[in-house]
There are 2 protein chains.
Amino acid sequence: MLKLTKKADYGLMALKYLAEHPETPALSAKDVADAYGIPAQLLAKILQLLTRNGLLRSHAGMNGGYALARDARTISAYEVIHAIDGPFFITSCTKGAKSCELTPSCTIKEPLARVNDTIAGVLKSISIQDLTEHEQPAARAREAHGLVALTL
Amino acid sequence: MLKLTKKADYGLMALKYLAEHPETPALSAKDVADAYGIPAQLLAKILQLLTRNGLLRSHAGMNGGYALARDARTISAYEVIHAIDGPFFITSCTKGAKSCELTPSCTIKEPLARVNDTIAGVLKSISIQDLTEHEQPAARAREAHGLVALTL
DNA sequence: TCAGTATACGACCATTTCTGTCGGGATTTC
DNA sequence: GAAATCCCGACAGAAATGGTCGTATACTGA
Ligand code: FES
Ligand code: FES
């Protein structure tokens, strides 16, 4: 539980890889898949999703492939996960229009929704750029975003 | 993704319910299940799990049932989830002894592990007691725990 | 001591979700 | 036009999840 799907994981890895190779105009799905040893066709579908959601630019034909649509600093892990796995709720009951069947009796969803928001916030505060900085990312990120105050 | 399992959800609901009825010495699995309309046998298994992990006290026989093993304030959502769904990692690769097959090439797991820790921290900072205070929990919790500093 | 109420627990099945594959089609480059 | 590449829906296999059943065990109270 509370686990990233493999697809989301792959997606993050791919974006990270692209961010690390800014010199090349585009990398094919196969290139990235080979680099990490992940199923090429599966990754292809994931990259297509990311393209559809405006995180990547694609280009068909020889020497085609994918490139980041925006600066790595402006793409958050949240966006990636959201693009791949869809809207995300920690609880089964969305608390919105279509509330859970148990709603009347259950008051648990409300505090949990706050946890959900907090986690989303954390994910939003992490950029692809952050993923590429393996040396001392803690310090760098803290600089970049400041301390995030959790108002539970 | 990043979703609580129903079992964990049920577990939290049950603990919350028990916390709200401190006057009764024990409530049976059926009592709680009926209160929320969740499958009694399933809840029973969950409560057994929580008992095994020391979060609940069980008592067989008439007027038996379950009661919190400790004060609601000292039981965290993290413990509950952990007891029910087992150790929890946001990524597939545990970064510990048995690392992922992709490890050599993939540097993504390390920053993600930090996210994992952050989420775990949030969950640890939430007690069953917090879940029972539906009025203004934001303010109360902030008082109780202070601001949590995220050192991403 | 016996009947009734409850927990304990393993086996099992049904459903859903996730992962990965295939095949045909559309675009771009050379 | 041929090769490389993206696009995308359908689908099969695998795994996780949700839920049920049967039985054994423990406690209570009459
Ligand atoms: S589980 Fe749906 S409202 Fe609580
Ligand atoms: S996915 Fe396993 S090390 Fe990154």
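So you know, we letter chains A, B, ... as the sequences are listed, proteins then strands, and number each from 1.
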Side-chain N,O ([X]) to OP1/OP2 ([N]) below 4.0 Å:
X       : N      : value
A/Tyr10 : C/dT19 : no
A/Arg57 : D/dC6  : no
B/Tyr66 : C/dA8  : yes
A/Ser58 : D/dC7  : yes
A/Arg52 : D/dC8  : yes
A/Thr51 : D/dC6  : no

Can you tell me the distance, in whole Å, between the [atom1] atom of [X] and the [atom2] atom of [N]?
X       : N      : atom1 : atom2 : answer
A/Gln48 : C/dC22 : CD    : C1'   : 14 Å
A/Asp9  : C/dC18 : CG    : P     : 14 Å
A/Lys30 : D/dA4  : NZ    : P     : 11 Å
B/Leu4  : C/dT17 : CG    : P     : 16 Å
A/Lys3  : D/dT17 : NZ    : C1'   : 12 Å
B/Leu47 : C/dC9  : CG    : C1'   : 14 Å
A/Leu42 : C/dC18 : CG    : C1'   : 10 Å
B/Lys6  : C/dT15 : NZ    : P     : 14 Å

Donor-acceptor pair, distance only, cut-off 3.5 Å: does the side chain of A/Asn53 make one with the backbone of A/Leu55?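 Pair absent, no side-chain N/O of A/Asn53 close to backbone of A/Leu55.
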Flag, side chain of A/Asp117 to backbone of A/Arg114, donor-acceptor distance under 3.5 Å: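 Here the side-chain-to-backbone pair does not exist.
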Ignoring the backbone of A/Ser28, work out which of D/dC21, D/dC6, C/dT19 is nearest its side chain.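 Nucleotide nearest to A/Ser28's side chain: D/dC6.
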Of the nucleotides D/dG19, D/dT5, C/dT21, which has the atom closest to the A/Lys45 side chain?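 It is C/dT21.
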A/Pro39 or A/His59: which one's nearest nucleotide on DNA chain C is closer to the 5' end?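 Here A/Pro39 is the residue nearer the 5' end.
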Please compare A/Met62 and A/Ala40 by the position of their nearest nucleotide in DNA chain C and report the one closer to 5'.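 Result of the comparison: A/Ala40.
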From A/Ile75 CD1 over to A/Ile126 CD1, what is the distance, rounded to the nearest 0.5 angstrom?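 The CD1 atom of A/Ile126 is 14.5 Å from CD1 of A/Ile75, to the nearest 0.5 Å.
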Can you tell me how far the CD1 atom of A/Ile128 sits from the OG atom of A/Ser76, to the nearest 0.5 Å?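 If we round to the nearest 0.5 Å, A/Ile128:CD1 and A/Ser76:OG are 8.0 Å apart.
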Sugar-phosphate only, base, or nothing, as touched by B/Ala44 at under 4.0 Å among non-hydrogen atoms: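 No contact.
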Decide yes or no for B/Leu18 and B/Leu27: does some side-chain heavy atom of the first lie under 4.5 Å from some side-chain heavy atom of the second?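 Result yes, sub-4.5 Å side-chain heavy-atom pair found.
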